[in-house]
Structures are given as C-alpha cells and as structure tokens.
Amino acid sequence: MTVPGKNTQPLSVLSKLSYGFGGVGTEIIFTVLGAYSSLFLVQVAQMPPLFATSIIFGSRVVDVFCNFVLGPLIDRTNTRWGKTKPWIVVSGLFTIVANLLIFYVPDVGTEGKLAWYIVMYSLMMLAMSGFAISYRTLVMFMSNESAERDSVILYRAVLGLGGVVGGVAMHGQILASYKRSEFDPCTNNTNSSVDGSSLEMTKAGYMISAATVCCLYLLCLLAMVLGTTERKDISSTSGGQHDQPVLKTVKTVLTFRPNVYFLLAYFFIQVPLSIGHGTMALYVQYSLDLKDQIENLILAFMASSALSMPVIALVVSKFGKRFSFICFQLAAIPLYLGFQFLPSGNLAVFAVAIGCGFTTSTQYFIPWAIISDIIEDCYLRTEERLDTAFVAVLLSTNSLGITIGLIAATIGLKIGGYQMGSCTQPDSVGSTLRILLSAFPSVMTFIAVIFLWMYPITEERQKEIDNAVRERCCLLGKEFELKTYDR
C-alpha cells in the first residue's frame, strides 16, 4: 500500500513515455481538425461559409459546457482502475468512431449535411472533452512532486508535437496524392468550379487519412492505459467535499486570483493560435498564391514546434515559467505582423512559419506546468484538491478561445467575399486573410502579455508552494502511520 503523502521513487522513463504517447493521437486529430476544418467543410463538403461557422460554433459550445459537466462526473468516479482510466478508455474509443464519421460526406443535401456535421462535431467534442479532462488530470495523480509532474508534461509535449508532425505529414501527403491523381480544372487559371471527379477523389483521401489516424490513435491509447499508474492515495483526496454543489466548485476555481489572470492570458493567446490553424491553408493559397506548398508549410510549422521543445524546457528551467512565457509571447508579435507584408509567391513564409512554430509550441508545455502550480496553491489556501475542476475550466477556456478564433476566421471569409467551390477568389479574400493572421493576433497577444505580467505566482512563490506541499505530505504520512499503528 502506498502511504499517503510519502514521497515515492521517481517516475520511470517508461511510465513517462507511455503517458506521452497517450496524447499523440489526440494531438494529431485536434491539429488536423483545426487546420483543415474550414477547408474541408467549405471546399469538400460544399457547405456555405456561414453554415460552416454554425457547425464549428455549435460543436465548440457543446465542448465548453461538456467540460463543466464531465469534470464533476470524473471527480465522483471511483473504480478499481481509479478515477481517470475508465474515462480515458471509453472516451478514447468514442473519439475514434467520431473522427471517421466527421470526414464522411453524406449525400443528403445542404440542410441534411448541416445537421449531420453539427451532430458529428458535437459528439467528437463530447468524446474529446472526456478524454482531455481525464488524461490531463492523470498527471496530478501520478506523483505529488512538482518536478516529476513537469517532467511528465514535457514528455507529453515533445512526443505529442513529434507525433503531430508525423501525423500531419501523413495526412497532407495522402491528400496531396489524391488531389494530384485526377485532372484539376483549377490549374487552367480559370474561375470554373471544381469538377465532381476531382471532388470525389479528395473525399476518398480524407477518409483514408482519417482511418489511418484512428489506427495510430488506438495504439497510443493502449500504450498509455497499460504503461501508466494512477496513485489512488492522491486521487482519493481530489474533489474536495463530494457533496459540494458543482457551481460552488466552479466559482472557487474561477475566482481564485492566480487562476483568473492565467485564464485571461491563456484565452488571449489561444484565439490567435486558433485563427492561424483555421486560416493558414487558405492564406497560403489565396494571399500568397502558393497552393502547392500548403502541406509543406504546415509540416514545417509543426516540425519547428517539435524541435524547439527541448530549447523551451531549457529556458523555463533557467528563467522560470512565468518570465519565459512572457518572453516567448512578445517574440511572437513581430512574426504575426510578418504575415501582413509577405509578397505573393514569396517562400519567406516558411521562415515566418518556422518562427511561429517555435513561439507557439510553448502552449503545449508552459500552461500545463503552470496549472499544476495553481492547483497546489489553491490546495494550500483552501484545504481542497480541485484537480479535475481546474483542468476542466482550463479546457473550457481553451475551447472558448478556439471557438472565437474559428468563428472570426470563417466570418472573415464571408466578409471578404469568399466564393464557395470557385477556383479563384477576389483579392479581398487575400487581404482579409492577411489581417486575420497579423493585426488581430498581434493585439490579442499583447493583451495576454499584460495579464501574464499580473500573474502572481513567481519563481519565489512557486518554491514556497513546493516546500509547503512537501511539509504537508510528510504530515499526512505520519498521520497515516499513527492510524495504522493504533489499529
């Protein structure tokens, strides 16, 4: 039996690798959906831009509310496999099915497809919410040492980004091969619509890619479930008072001062990232006239993100989480502005994309290391462990940021005069995409930096939290030993 509060041996490399691999499949699906949703819905499923907005918005609203509902349910789960493992398995299997159905285009007319994709995207968000909350909360239940948890999060970030690079490369190459396997009328520089034969080949490419990604997802899920252990002596203390109303728990999380500044900063960072994911492919095609480089550019962006992670970890270890996060966000602003001034056909966009990959990869590691500090700080101040609640609220903020970003991108296409199914677009579309990728993200990132500067958990405060948690763990261990002796 593990003694509550006692420091155990450091987590094994195998355990960290298994946990890291568990998130690879989800990151691939999330990235593909973010980068290709608008493109797929408008060009392949032949949905009007405003209908595509409704689909994306509806699914994200479901996602936001699902996080608040599923968090307490996961917290109240108590099985022989722990709190999180059952949810990870069930929601993971549902994600596989939903991912396949999302990239299927039913022949039911525009209104029928609208209903189909609203349902499918909502089910996908429900499944991914259940997985994300339980999977990310599992970190807090693997060890009570902050350094160990940060190490696990780093493994997850590195493996997740590395897997995403491979997954995006595979997805892009499959699509590229199917696009080029048939005659493309758009190569004649006319404004004709995409022909049915070419469209059917593209649909087949999306389905084959989705099936391949699902197979990878299943392998990653098995590795994580079999290779990690949830410490029940930690998870059993999570959730505070189980008879406490959900709204009171959410209020505690949303009004905890360090979390307020952190969530605001996270939101203003996530919105421009979401805009970039949703419009980058269209920007390359219509603003820069580099349609053949879309897959290569996305791959360069993701490769930069993966390769930069060890550097980011080194910077964080030297200068701390808060200061490092601020510096990386300030560095992103001139890169965003670069999208406005790149001339058409200029391959310098690869340099800008690689730089953005470096700065945005911090979002995979630093925020999730910060939230563990906030959870421990709240535990010390309120006597309650609210791990699942904090993770659920952060994921809801993430979903809200993605929603705002994707809605802005899709509405921007409508305002810019995007013509569905047309091989060429008016110049206003290219100009709109430049603004969406430059001015808007720059302003929002600067606002995020202001909130990060106000974030109160400095390196000094973090050390105080770590010491206080260790002292409490020792006391809990002694109390447990006394109770056992009395028996």
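For the numbers below, each heavy atom of this structure counts, side chains included, while hydrogens, waters and symmetry mates do not.
With contacts defined as side-chain heavy-atom distances shorter than 4.5 Å, the pair W453/R322 qualifies. Between M280 and I275, every side-chain heavy-atom pair lies at or beyond the 4.5 Å cut-off. When side chains are defined from C-beta on, L297 counts as touching V349, because their heavy atoms get closer than 4.5 Å. A 4.5 Å side-chain heavy-atom check between L33 and F103 finds at least one atom pair inside the cut-off. Side chains of F365 and V316 form a contact here, defined as non-hydrogen atoms less than 4.5 Å apart. I74 has its side chain out of reach of T137: every pair of non-hydrogen atoms, C-beta onward, lies at least 4.5 Å apart. Within the 4.5 Å cutoff, side-chain heavy atoms of F390 are placed close to those of C378. Inter-residue side-chain proximity for F325 and I269 is flagged as met; some heavy-atom pair is nearer than 4.5 Å.
Taking the six-membered ring where the residue is Trp, F358 and F328 present tilted rings, their angle falling between 30° and 60°. Taking the six-membered ring where tryptophan is involved, the planes of Y455 and F262 are tilted, since the angle between them lies from 30° to 60°. Relative orientation of the Y117 and F40 rings is perpendicular, given thresholds of 30° and 60° on the angle between their planes.
In terms of the side-chain hydrogen bond (donor to acceptor under 3.5 Å, both in side chains) criterion, S15 has no residue partners (sequence neighbours excluded). Under the salt bridge (charged side-chain N to carboxylate O under 4.0 Å, His left out) criterion, K85 pairs with no residue at all, not counting sequence neighbours. Scored by the salt bridge (charged side-chain N to carboxylate O under 4.0 Å, His left out) test, R434 finds no partners at all (sequence neighbours excluded). The salt bridge (charged side-chain N to carboxylate O under 4.0 Å, His left out) test applied to E464 returns R461, not counting sequence neighbours. For E376, the salt bridge (charged side-chain N to carboxylate O under 4.0 Å, His left out) partners at least two apart in sequence or on another chain are R149, R385. Considering only residues two or more places apart in sequence or on other chains, S287 meets the side-chain hydrogen bond (donor to acceptor under 3.5 Å, both in side chains) condition with none of them. Not a single side-chain hydrogen bond (donor to acceptor under 3.5 Å, both in side chains) links S91 to another residue, sequence neighbours left out. Taking the side-chain hydrogen bond (donor to acceptor under 3.5 Å, both in side chains) definition, one finds that R257 meets it with nothing, sequence neighbours left out.
In this structure, C214 and N99 approach most closely via the heavy-atom pair SG-ND2, 3.4 Å. The minimum heavy-atom distance linking A392 with I133 is given by the pair CB-CD1, 4.0 Å. What you find for L254 and V260 is that their closest heavy atoms are O-CG2, 3.0 Å. Nearest approach of M128 to T95, heavy atoms of both residues: N-OG1, 3.9 Å. Among all heavy-atom pairs drawn from P258 and I374, the shortest one is O-CD1, 4.2 Å. Taking both residues in full, the closest heavy atoms of F339 and Y283 are given as O-OH, 2.7 Å, listed atom of the first, atom of the second, then distance.
How far CD1 of I55 is from CG of L41: 5.0 Å, rounded to the nearest 0.5 Å. To the nearest 0.5 Å, atoms OG (S129) and CG (L70) are separated by 6.5 Å. The CD1 atom of I333 lies 12.0 Å from the CE atom of M444; values are rounded to the nearest 0.5 Å. Distance check, rounded to the nearest 0.5 Å: CZ of F131 to CD1 of I29 gives 9.0 Å. The line from CD1 of I366 to CG of L154 is 10.5 Å long, rounded to the nearest 0.5 Å. L433 contributes atom CG, which lies 7.0 Å from atom CG of L437 (distance to the nearest 0.5 angstrom).
In this structure, the side chain of S305 engages the main chain of G357 through a donor-acceptor pair within 3.5 Å. Not one N or O on the side chain of Y266 forms a donor-acceptor pair closer than 3.5 Å with the backbone of P367. The main-chain N or O of V253 is found under 3.5 Å from a side-chain atom of N259 such that the two form a donor-acceptor pair. Between the side chain of E230 and the backbone N or O of K83, at least one donor-acceptor pair lies under 3.5 Å. A distance-only check finds no donor-acceptor pair linking the side chain of S274 to the backbone of V271 [under 3.5 Å]. Judged purely by atom type and a 3.5 angstrom limit, S304 has no side-chain atom pairing as donor or acceptor with the backbone of A300. Using a distance-only test at 3.5 Å, with no hydrogens or angles considered, no donor-acceptor pair links the side chain of E459 to the main chain of F319. At distances below 3.5 Å, not a single donor-acceptor pair connects side-chain atoms of R136 with backbone N or O atoms of V391.
For CZ of F267, the number of neighbouring non-hydrogen atoms (other residues, nucleotides, ligands) closer than 6.0 Å is greater than 12. More than 12 heavy atoms of other residues, nucleotides or ligands sit less than 6.0 Å from atom CZ of F350.
Residues in residues 352-363 take part in these side-chain hydrogen bond (donor to acceptor under 3.5 Å, both in side chains) pairs, two or more places apart or across chains: Q270-Q363, S308-S361, Q329-T362. Within the structure, no pair that satisfies the salt bridge (Lys or Arg N to Asp or Glu O under 4.0 Å) test touches residues 270-279, not counting sequence neighbours. Screening residues 150-167 for salt bridge (Lys or Arg N to Asp or Glu O under 4.0 Å) gives D150-K321 as the qualifying pairs, with residues at least two apart or on separate chains.
Between the side chains of Q340 and S438, at least one donor N or O sits under 3.5 Å from an acceptor N or O.
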(request) For the pair I312 and Y364, evaluate side chain to side chain contact (heavy atoms under 4.5 Å, CB included) and give the outcome as yes or no after the intermediate values. (result) CA-CA 11 Å; I312 292 171; Y364 287 86; over 6 Å; no

(request) Take T388 and M140 through the test side chain to side chain contact (heavy atoms under 4.5 Å, CB included) and record every step on the way to the result. (result) CA-CA 9 Å; T388 306; M140 301 300 297; over 6 Å; no

(request) Evaluate the side chain to side chain contact (heavy atoms under 4.5 Å, CB included) criterion for residues L126 and Y121: first the C-alpha distance (whole Å), next the side-chain angles of each, then the deciding distance (0.1 Å), finally the verdict. (result) CA-CA 9 Å; L126 175 63; Y121 270 75; over 6 Å; no

(request) Go through F256 and L386 one step at a time and tell me if the side chain to side chain contact (heavy atoms under 4.5 Å, CB included) criterion holds. (result) CA-CA 12 Å; F256 188 59; L386 302 174; over 6 Å; no

Listed pairs under 3.5 Å, donor-acceptor, residues 217-229 side chains, sequence neighbours left out:
unit_1	atom_1	unit_2	atom_2	d
T228	OG1	M224	O	2.7

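In this structure, Y155 has its ring center no closer than 6.0 Å to that of Y19.
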